[in-house]
Amino acid sequence: MPPVVLFVDAEKFVHKALRRSLRNLQPDWTLRFATDPPAALAVMAREPVDVLVSELVFPGYDGVDFLRTVRERHPAAVRILLSGYADRNILVQSVDLAHQFLAKPWEDATLAATIDRAFLVKRLLDHRPLKELIGRIGALPSLPARHLSLMAALRDPEVTFEAVGEQVAADLGLATRLLKLVNSSYFGLAQQVSSPAKAVSLLGLDLVQAIVLAAGTFDQFTALQRRGLAIAPMWAHAGRTAALARIIAQAAGLDRAGLEAAFMAGMLHDVGKLPLAAHLPAEFEAVTRYMQVHGCDMATAENQLLGTTHAAVGAYLFGLWGLPDIIIAAAAFHHQIALRSGQTFDGVLIVHVANAFAHAGPLLSDLARPVPGLDDAYLARIGMASRIAQWRTLCARRTSPLEK
């Protein structure tokens, strides 16, 4: 059955433009159109809709309420906001209701690619255990508001480090995390940095974006701390993995884009644990107990008890958010790198190695002992085994920026 996309916009000329552009780019899609929320909900009641692309403002109707209703009645539909509306307060209200945001006027190729990525996410659910688990979790979180605000600022070609630093400084928790990271031994600075703006200039906007996205995502699950789950170690592991991924990427000679992708993937690779712990606490606790009893890693325990893993949940979530493919793949395969297709050396492989190194702790400096969780057979098969000792030596010299 062809995938179904439903567009909701009060303007008929928008319908015509969308129909014309997408028929040329993606002729196999089934396109549906509605001019208001009641008509859209009627369409969704008649047939399954894979992707909803909606305006936020409608004459006589509340777009935020509409998105909330869709989330409740049709949680499997990917929700994309395509709007020219600029009221910040209304946009903030919609942050938790849409998986992705695009601004009008849109570029046809960008819109088509965004929808196509949403279908990729839907195809991930062909794996029945993951589909059942997502159904039990319910509505997954949307992109953090803080990340969206930063992305809006970065779209300004004249944005300065100072302006971004001011945004960071306005959030004490984020500023503290950022300064702790930039002052760690991972970056080898000769003096302490006390200004968020200076930290932004040293890290670069893309690395700061990764930290903001990760911090905002973790902050959406602060209720877990009240239930006794320690979020701090999970955040520490995220920062440690990202930093080690950056070191490995530098040693491997990756360009700036590759280095930044590896760092971002390292920051986000374990985010799939959060919705599991938040919405399925009994299952999460059972997985933890299984790990302790059998002495295995989390992915092994999850596969045994759930039939899928936090890695798959994270990949699904990042697909909903429209993050780059390398971020999705790094989340999906950071425990089981041999399951990925191809034998490419990229940020996905780097995150697999960095994750194992980060879990190894002091063991990392003992080159005679194998690193648990590292797929040595796969690394040998793709000709990378000889690099592991060098990377271990480099990474063992550094300490975690987030553990102290």
(Q) Given 3.5 Å as the limit, does a donor-acceptor pair link the side chain of Asn183 with the main chain of Val193, or not? (A) yes
Q.
Quick one: does any side-chain atom of Arg392 pair with a main-chain N or O of Leu364 as donor and acceptor, under 3.5 Å?
A.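 The answer is yes, because a donor-acceptor pair under 3.5 Å joins these two groups.
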Applying salt bridge (charged side-chain N to carboxylate O under 4.0 Å, His left out), which residue pairs with at least one partner in [range] are found, sequence neighbours left out?
range            : value
residues 2-20    : Asp9-Lys104
residues 286-310 : Glu285-Arg289
residues 29-41   : Arg32-Glu47

Q) Any luck finding a side-chain donor-acceptor pair between His310 and His269 under 3.5 Å? A) no
Q: Answer with yes or no whether the side chains of His237 and Asn355 bring together a donor and an acceptor at under 3.5 Å.
A: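 The criterion, which ignores hydrogens and geometry beyond distance, is satisfied for His237 and Asn355.
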(Q) Within the structure provided, determine whether Val5 and Asp50 are in side-chain contact (heavy-atom separation under 4.5 Å). (A)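 A side-chain contact is absent here, since even the closest heavy-atom pair is not under 4.5 Å.
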Q.
I want to check something: taking the side chain as every heavy atom from C-beta on, are Trp321 and Leu213 in contact at a cut-off of under 4.5 Å?
A.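 A side-chain contact exists here, since the closest heavy-atom pair is under 4.5 Å.
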Q: Please name all residues satisfying salt bridge (charged side-chain N to carboxylate O under 4.0 Å, His left out) with Arg256, sequence neighbours left out, ordered by chain then number.
A: Glu260
Q: Using salt bridge (charged side-chain N to carboxylate O under 4.0 Å, His left out) as the criterion, list what pairs up with Asp219, not counting sequence neighbours.
A: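 Asp219: salt bridge (charged side-chain N to carboxylate O under 4.0 Å, His left out) contacts with Arg146, Arg177.
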Q.
Going by ring-ring contact (aromatic ring centres under 6.0 Å, His included), name the pairs with one or both residues in residues 49-81, residues two or more places apart or in two chains.
A. none
Q: Could you tell me how the ring of Phe221 sits relative to the ring of His279: parallel (under 30°), tilted (30 to 60°) or perpendicular (over 60°)?
A: perpendicular
Q.
As a quick check of understanding, evaluate side chain to side chain donor-acceptor pair (under 3.5 Å) for Asp270 and His334, giving each step before the final call.
A. CA-CA 9 Å; Asp270 261 349; His334 68 271; 3.1 Å; yes
